[in-house]
Amino acid sequence: MELYQSNEVKLYNSLNGQKEVFTPITPGRIGMYVCGPTVYSNVHLGNCRTFISFDMIFRYLKHLGYKVRYVRNITDAGHLTDDADQGEDKISKKARLEKLEPMEVVQQYTLDFHNVMRQFNALPPSIEPTATGHIVEQIEIIKNIIDKGHAYERNGSVYFDVVKFNTDHRYGKLSGRNLEDMIANTRDLNAQDEKENAQDFALWKKANPDHIMRWPSPWGDGFPGWHLECTVMSSKYLGDTFDIHGGGMDLKFPHHECEIAQGEAAHGCSPVNYWLHANMLTLNGKKMSKSTGNSILPKELFTGDNDFMEKGFSPSVVRFFMMQAHYRSVLDFSNDAILAAEKGYNRINEAITLLDKLPVSQTSSFSINEWKEKCYAAMNDDFNTPILVAELFEGASLIQKINSGSESINQEDLTVLQQTFRDFFYDVLGLKSSQESLIGDETEHLDKAMQLLIDLRAQARANRDFATSDKIRDQLLEAGIQLKDGPDGTTYTL
RNA sequence: GGUGCCAUGGCCGAGUGGCUAGGCUUGGGUCUGCAAAACCUACUACAGCGGUUCGAAUCCGCUUGGCACCUCCA
């Protein structure tokens, strides 16, 4: 019996704005697609929040025993810098500026992305397809959409006919827009526009002679439009209709709206059952954005080399900070907020170090299963990680009380406590304990060296040579190591 | 202008028509040579104005403020 059979997950579906009971198309199996990064520059922290949010969702669904195929693409072509019409492929623009091959740029930033995701302890997706690896499929689906009468060719480019599509489908159902309003609100600035309507979007763009990234197609040399890759890759790997599609809130319109239109036009069915949108991470109250400069790189945050924070923070602390907010809420990043999160994170880590050393009693003075159920209930309710974190703090408090003897626990319950605490902290939230950043070998060496210092200090204290003992303590603190005198001797944390 | 979302105690951040999330900070205490850490303990908030209700911070309306999308952006 898998956990999912006894845990009913409710998730907020952007398609109708309601929390719905999640039922996969195939029992026990889930297909999930998340829009990945455009690899033309380093991912910033805001990008990371979305991927960390969906990593948490992926982890919880797996924890429940579902077999999840998680597809997250790499956009290495096709996003335009300007208007669809005088647009230039983002990747090739960057390439020209830096005098690099386009695929060199792609490689560099893909590696950076993977590296950052690894630091945040995000699991790799099951499949990570690239747009450039699916040009053939994109050309095929464009032919299909043209055949169905939902697209037209103009001067070597192909456009999706939104107005025609809207006559027997509903364009705008995800973002709550209707086409009439959109048309009414459009001022027609581009008289030379190839498109029949301003709302039409490109499926294929003709490449100018100097455009580096280009592929042959039935309409001439060009490159695929912005929204097509996701439709192609999601349907290829997950089917024409699949369970969950995720992405950042800012992709809801037009990107996801266009995906729905493309899917419905090409396959005749709605592509996705549950649309999930992760909210933005703001910095100083404003959305992070590469173009405005209001952004912070993960590396700058980890090292403390940035203008916003007074010191560096470990990836796990940053992840914990994000988990303290709901994925659908805007989260503002600030020095005070992350500092507070770091202290809370340390508190939970203190409890974890006690987990294997707790005294066992004949009976328990509380109901551990009640606590465990609350943890699951939090996650089952649209992945409410802030509530889960609150429960982990309750658990941490419980651990301290058992340790100090004001609560007691029997062996059976202790096993539940250990298992549940670890399941949620490590597996579901994807956090690491503060000591874990060190590799085993290093820890051992450090332990030995530290023990020597601790012994020396203890001796100095015994001789009431406090000048020496305080010197050891204070200088270690400057080096980032904190000594903690307890009843059973002195321990240290980094 | 259009479409959504949000306003919670010093700070961050959940949530619910009635039973005081949680973390951080701060005050008091235990421990300590002194600290730090840890632990115990205290601190009853929901933008404003109306309305519905026995009862609303939670539902409805208005006002004010903020954010996101409508153009590439997670």
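Only this structure's heavy atoms are used, side chains among them; waters, hydrogens and symmetry mates stay out. Please read all numbers here as calculations on a predicted model, not as lab measurements.
When heavy atoms are screened at a 4.0 angstrom cut-off, A/G176 is found touching the sugar-phosphate backbone but no base atom. No engagement by A/G17 is indicated, since no non-hydrogen atom pair under 4.0 Å with the nucleic acid exists. A/D470 comes within 4.0 angstrom of a base, heavy atoms only. In this structure, A/S469 reaches the bases: a heavy-atom distance under 4.0 Å links it to at least one base atom across the strands shown. Using a 4.0 Å heavy-atom distance criterion, A/D474 is classed as making no nucleic acid contact. Within 4.0 Å of A/G172, counting heavy atoms only, lies no atom of the nucleic acid at all. No engagement by A/R49 is indicated, since no non-hydrogen atom pair under 4.0 Å with the nucleic acid exists. Looking at heavy-atom distances under 4.0 Å, A/A325 makes contact with sugar-phosphate atoms alone, never a base. A/L281 comes within contact range of at least one nucleobase, with a heavy-atom separation under 4.0 Å. Residue contacts shown for A/S175 are limited to sugar-phosphate atoms, with no base heavy atom under 4.0 Å away. Among the protein residues, A/H44 comes within range of the nucleic acid bases, having at least one heavy atom under 4.0 Å from a base atom.
In this structure, A/L331 places its CG atom 14 Å from P of B/A7, rounding to the nearest Å. Atom C1' of nucleotide B/C73 and atom CE of A/M249 are separated by 15 Å, given to the nearest angstrom. At whole-Å resolution of the value, OH in A/Y33 and P in B/A74 are 12 Å apart. Atom CZ of A/R457 is separated from atom P of B/A36 by 13 Å (rounded to the nearest Å). For the pair A/H255 NE2 and B/U3 P, the interatomic distance rounds to 24 Å; values are reported in whole Å. Here B/C70 presents its P atom at 10 Å from CG of A/L251, a figure rounded to the nearest Å.
Using a distance-only test at 3.5 Å, with no hydrogens or angles considered, a donor-acceptor pair links the side chain of A/N13 to the main chain of A/W275. A distance-only check finds a donor-acceptor pair linking the side chain of A/N73 to the backbone of A/G36 [under 3.5 Å]. Using a distance-only test at 3.5 Å, with no hydrogens or angles considered, a donor-acceptor pair links the side chain of A/S334 to the main chain of A/A337.
Atom CG of A/L477 sits about 9.5 Å away from atom CD1 of A/I481, to the nearest 0.5 Å.
Counting heavy atoms of neighbouring residues, nucleotides and ligands inside a 6.0 Å radius, atom NZ of A/K252 exceeds 12 of them.
At B/A68, none of the side-chain N or O atoms of A/K252 fall inside 4.0 Å of OP1 or OP2 (strictly under the cut-off). For A/N384 and B/G15, the shortest distance from a side-chain N or O to OP1 or OP2 is below 4.0 Å. Checking the phosphate oxygens (OP1, OP2) of B/A14, a side-chain nitrogen or oxygen of A/S329 falls inside 4.0 Å.
A/F366 places a side-chain heavy atom less than 4.5 Å from the side chain of A/I409.
A donor-acceptor contact under 3.5 Å is not formed by the side chain of A/N178 with the base of B/G2. Under 3.5 Å, the side chain of A/R473 and the base of B/A35 form at least one donor-acceptor pair of N or O atoms.
The stretch residues 114-125 of chain A participates, sequence neighbours left out, in no salt bridge (charged side-chain N to carboxylate O under 4.0 Å, His left out) pair at all.
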Can you list the steps and then say if A/F51 with A/F113 is a ring-ring contact (aromatic ring centres under 6.0 Å, His included)? CA-CA 11 Å; A/F51 303 127; A/F113 173 63; 5.3 Å; yes

Across nucleotides 17-24 of chain B, 5' to 3', mark each nucleotide with B, S or - according to how protein heavy atoms within less than 4.0 Å reach it. ----BSSS

Pair assignment for RNA chain B - dot-bracket with | for other-strand partners, Watson-Crick or G-U under 3.5 Å: (((((((..(((.....[...))).(((((.......)))))....(((((..]....))))))))))))....

